[in-house]
Amino acid sequence: MDIVVTLQDGDSVTVAAPISVREALDRLLSNKQKKRTIAARANGQSVDLSRMLTGDTTLEPVLIETEEGLDILRHSAAHVMAQAVRDIFGPEVKVAIGPAIENGFYYDFLRNEPFSPEDFDRIEQRMLEIAEARQPFVRSELPGEEAVALFERQGEKYKVELIRDLGAETVSLYQIGDFTDLCRGPHLPDTSLVKAFKLLRVAGAYWRGDEKNDVLQRIYGTAFFDAKALNKYLHDLEEAKKRDHRKLGRELELFTIQDHIGPGLILWQPKGALLRRLIEDYWKDEHYRHDYELLYTPHIARQDLWKTSGHLDFYSENMYSAMDIDEVKYQLKPMNCPFHIGVYGSRKRSYREFPLRWCELGTVYRYERAGALHGLLRVRGFTQDDAHIFCRPDQLEEEIFNILNLNLHILQNFGFSEYDIYLSTRPEKYVGSDENWQRATEALKLALEKKGLTFMVDPGEGVFYGPKIDIKIKDVLGRAWQCSTIQVDFNLPERFEMSYIGADNTEHQPIMIHRALMGSLERFIGVLIEHYAGAFPLWFAPVQARILNITDDQADYCEQIYAQMRKAGVRIEKDLRNEKLNYKIREAQLAKIPYMLIIGDKEKETGSVTVRLRDGKNLPPIPVDEFIRKVADECRTGRGI
RNA sequence: GCCCACGUAGCUCAGAUGGUAGAGCGCAUCCUUGGUAAGGAUGAGGUCACCGGUUCAAUUCCGGUCGUGGGCUCCA
């Protein structure tokens, strides 16, 4: 029988069936393309090159350099690793699952002994041997029951469970060497392409991510099509390590976390505190300019408040236990919203004063599982750049739009211009009317579209009280960080029986929007440290310049210009120690200070400073007041005001 | 919380079959006054995370506690 095989872009050929994908593609592709093809899509479905075609098919080659190609490579690498582990440690090691993930792959194993770094060497060695052996990935299909029997004989209980849960009539298996694995595929034609890989770490993981299940050992690795790409990735990892905010935070004396004070609790050192203050001042200024009003509210409240708000019912796992004050229970706040509602309730409200835009840098305390804590990025006490907007339903879309404007303005000013944006819609459990949900979701969507933002819809991922927009910012290494969130809330206005008098002189319920732009100051500063590798732009660098004298002869002059600049608002330091200039420059450089002011006799005589930049370049000597003006100008530009 | 690994000077790390420890950087003092990434000398710093057990003796072995790191959604 003849069939027609058509390429995605239109070329087609009539061939005798059955024919393998590889043979069909041979007829349709250039030699160059053939070499780079490792799998294909047949009528939209991913298949191996060895798959036999029996009917008319539209084919699309999967090339090695594409994301899909890389996924297939990594998935195959996971299989090769599993085979290597089985070869070395024998069949008493049980295999679970081994998918490709964002930057590599992993495979989960059940083994009594922990894997050690020396084991990694052996496994990698064995993987290379498997690659050199050019073992083909052989696909086969078995009825589900037979596959269950096969894996039961091998004692592979996880595979058995997987097949049973699949409930499919037939399942596909892949064999390389004598290792057969349950797998949907597709895979590389053979193992020879798995040559640029590295095992990275081993970590515990629960079977199927459930802590009630067995704990498995997960070996993470990564793989690329050539050594160059692998090395670039490994180099990027090193680079990320250098930017680690925990390391830089210590070196630059920004913050400290101490055992005897408590995990997840941040102490801001003078430089970090100054950095934070600069960010807070900027934030407050921008909010003033965007018609917000600032609030301050307490850190604790009577437990009854949290009962009313529903936090005790829905959020108590994250709240610290109550304390007694005059025999009344009080609790630390995990959120600021009930307090803002308290401000709202201080008197009767009219539709005429809407929208109310109230912001606060509100410090909240949340219980985080011990294992989840991480530097500034996940802590137990943190300050949200919070705001609540109360408005009429007809103002919702415009308010969301305004928030997005302010949000992006602030993020961009801090150097973040790439985002992943998600719109999360109604989950299974929810409060509020369907009509409200639909209207609010629509308003969020329209605002995003009006702002020209591309976003992904996360169906059912909204909070129970309303739909939301989440914005993840991308840092200079392309890593995404969840910071901003904008949430509509149908729940709290109801629970607190909030109302306003409308134009019709009757009571209505206001719409409430929660939003945080930076998310938490702690996390945002952690991200900033990594994004800039500690070398902050002038406008929020805690130290903008350091005066370095060459000999004691210029000390008086240095003191004089230090006082002058400090008065003028330049964030200035002086290093007048009896050390060589080289030494002082090195220290200032390591402290990542934007400007070093070199002061020798020349500068002293002419009332000037010589400016050395962080990149090692020098500016010609300029008078002190000119330098002060320059700093002020650059800060104004930096603040985007 | 759970699994694995780890916890020695402010930082980065050595170290011993069980006999209370060392380097570099940093810090202090002195010498050196040197124009663009480390000048030299001397010195001070440690209940070896904490608690308990075994032992003549524990920082080292055992148990516990606290803390840190990597993970714990990404569907064979």
Side-chain angles (χ1 to χ4, degrees), chain A residues 71 75 78-79 82 95-103 105-108 110-117 144 147 151 156 158-166 168 171-174 180-185 187 200-220 244 246-247 250-251 253 256-264 317 367-375 461 548-555 576-591 596-603 610-618 621:
Chain A
D71 269 1
H75 189 185
H79 277 243
V95 294
I97 59 171
I101 53 173
E102 193 173 340
N103 284 309
F105 62 88
Y106 67 77
Y107 213 113
D108 286 345
L110 180 69
R111 179 179 177 232
N112 293 331
E113 301 295 308
F115 289 108
S116 69
F151 285 113
E156 293 288 1
Y158 303 114
K159 297 294 175 190
V160 171
E161 188 179 327
L162 286 171
I163 299 168
R164 290 225 163 103
D165 285 3
L166 272 176
V171 298
S172 56
L173 304 174
Y174 279 82
T180 304
D181 199 357
L182 172 72
C183 186
R184 186 172 50 194
H187 277 287
L200 296 173
R201 65 184 87 90
V202 58
Y206 300 103
W207 168 236
R208 301 198 141 179
D210 189 332
E211 50 191 86
K212 291 195 272 300
N213 291 341
D214 292 349
V215 175
L216 308 173
Q217 294 190 65
R218 174 171 297 178
I219 300 181
Y220 283 90
D244 191 317
R246 294 166 299 184
K247 178 173 175 281
R250 186 169 52 237
E251 288 172 0
E253 301 198 285
T256 171
I257 302 170
Q258 294 174 8
D259 289 7
H260 67 284
I261 289 172
E317 275 180 18
Y367 173 73
E368 292 287 348
R369 304 164 115 205
L373 299 174
H374 183 90
E461 286 300 306
L548 313 179
N549 62 337
I550 290 168
T551 72
D552 289 346
D553 292 343
Q554 303 92 37
L576 309 184
R577 293 173 303 170
N578 174 14
E579 295 289 352
K580 288 195 170 178
L581 182 62
N582 274 348
Y583 186 80
K584 295 185 188 183
I585 285 178
R586 179 184 150 82
E587 292 214 326
Q589 189 78 38
L590 293 176
M596 297 172 218
L597 305 180
I598 316 286
I599 308 298
D601 285 335
K602 273 186 298 191
E603 289 79 6
T610 294
V611 181
R612 185 191 202 269
L613 307 176
R614 266 188 296 219
D615 63 6
K617 291 197 188 97
N618 272 349

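Just so it is clear, the structure is predicted and the values come from calculations on it, not from any experiment. Chain identifiers are assigned alphabetically (A, B, ...) following the order of the sequence lines, protein sequences preceding nucleic acid strands; residue numbering begins at 1 within each chain.
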Could you check whether atom CD of A/Glu317 has more than 12 heavy atoms from other residues, nucleotides or ligands sitting under 6.0 Å from it? no
Listing time: all N or O pairs from protein to nucleotides 44-47 of chain B that are below 3.5 Å?
none

Aromatic rings A/His79 and A/Tyr174: how do their planes relate, parallel, tilted or perpendicular, breaks at 30° and 60°? perpendicular
Once you round it to whole Å, what is the distance between P of B/C50 and NE2 of A/His260? 14 Å
Kindly indicate whether a cation-pi arrangement holds for A/Arg111 with A/Phe115, taking the cut-offs as under 6.0 Å to the six-membered ring centre and within 45° of the axis. yes
Regarding B/G35, can its base be found pairing with the side chain of A/Glu603 as donor and acceptor, where the two atoms are less than 3.5 Å apart? yes
Atom CD of A/Glu317 to atom P of B/G1: distance rounded to whole Å? 14 Å
Here the distance between atom C1' of B/C2 and atom CH2 of A/Trp207, to the nearest Å, is 18 Å
Residue from A/Leu576, A/Ile599, A/Ile585, A/Leu597 passing side-chain contact (heavy atoms from CB on, under 4.5 Å) with A/Leu548: A/Ile585
Rounded to whole Å, the NZ-P distance (A/Lys580 to B/G39) equals 6 Å
Go through the N and O atoms of the side chain of A/Asn618 and the base of B/U36, and report whether any donor-acceptor pair is under 3.5 Å. yes
Sequence-distant partners of A/Glu579, salt bridge (Lys or Arg N to Asp or Glu O under 4.0 Å), two or more places apart: none
Checking A/Asn213, A/Asp165, A/Asp214 against A/Arg208 for side-chain hydrogen bond (donor to acceptor under 3.5 Å, both in side chains), the one that qualifies is A/Asp165
Determine the Euclidean distance between corresponding C1' atoms of B/U59 and B/C48; express it in Å to zero decimal places. 4 Å
Taking all atoms of both residues into account, what is the closest heavy-atom pair of A/Gly144 and A/Ile163, and its distance? O-CG2, 3.7 Å
Output a table of nitrogen or oxygen pairs between the protein and nucleotides 26-30 of chain B separated by less than 3.5 Å.
{"from": "B/G26", "atom 1": "OP1", "to": "A/Tyr583", "atom 2": "OH", "distance (Å)": "2.8"}

What is the minimum heavy-atom distance between A/Ala78 and A/Tyr107, and which atoms define it? O-CD1, 3.3 Å
Could you run down nucleotides 65-74 of chain B 5' to 3' and tag each one B, S or - for protein heavy-atom contact under 4.0 Å? --SSSBBBSS
For A/Lys602, report the nucleic acid contact type (base, sugar-phosphate, nothing); a contact means any heavy atom under 4.0 Å. base
How would RNA chain B look in dot-bracket form, 5' to 3', counting Watson-Crick and G-U wobble pairs with both distances under 3.5 Å and writing | for bases paired to another strand? (((((((..((((.....[..)))).(((((.......))))).....(((((..]....))))))))))))....
A/Arg246 with A/Glu251: basic N within carboxylate O range, under 4.0 Å: no
Calculate the interatomic distance between A/Asn582 atom CG and B/G34 atom P; express it in whole Å. 13 Å
In whole Å, what is the span from the CG atom of A/Leu548 to the C1' atom of B/G34? 14 Å
Is any NZ, NE, NH1 or NH2 atom of the basic residue among A/Asp552 and A/Arg577 found under 4.0 Å from an Asp or Glu carboxylate oxygen of the other? no
Applying a 4.0 Å non-hydrogen cut-off, can you work out what A/Asp601 is touching in the nucleic acid: base, sugar-phosphate, or nothing? base
Looking at every non-hydrogen atom in both residues, tell me the closest pair between A/Val95 and A/Glu156 and how far apart they are. N-OE1, 3.0 Å
If the condition is side chain to side chain donor-acceptor pair (under 3.5 Å), which residues does A/Glu253 pass it with, not counting sequence neighbours? none
To the nearest angstrom, how far is A/Lys584 atom NZ from B/A37 atom P? 15 Å
Can you tell me how far CG of A/Asp181 sits from CG of A/Leu173, rounded to the nearest 0.5 angstrom? 8.5 Å
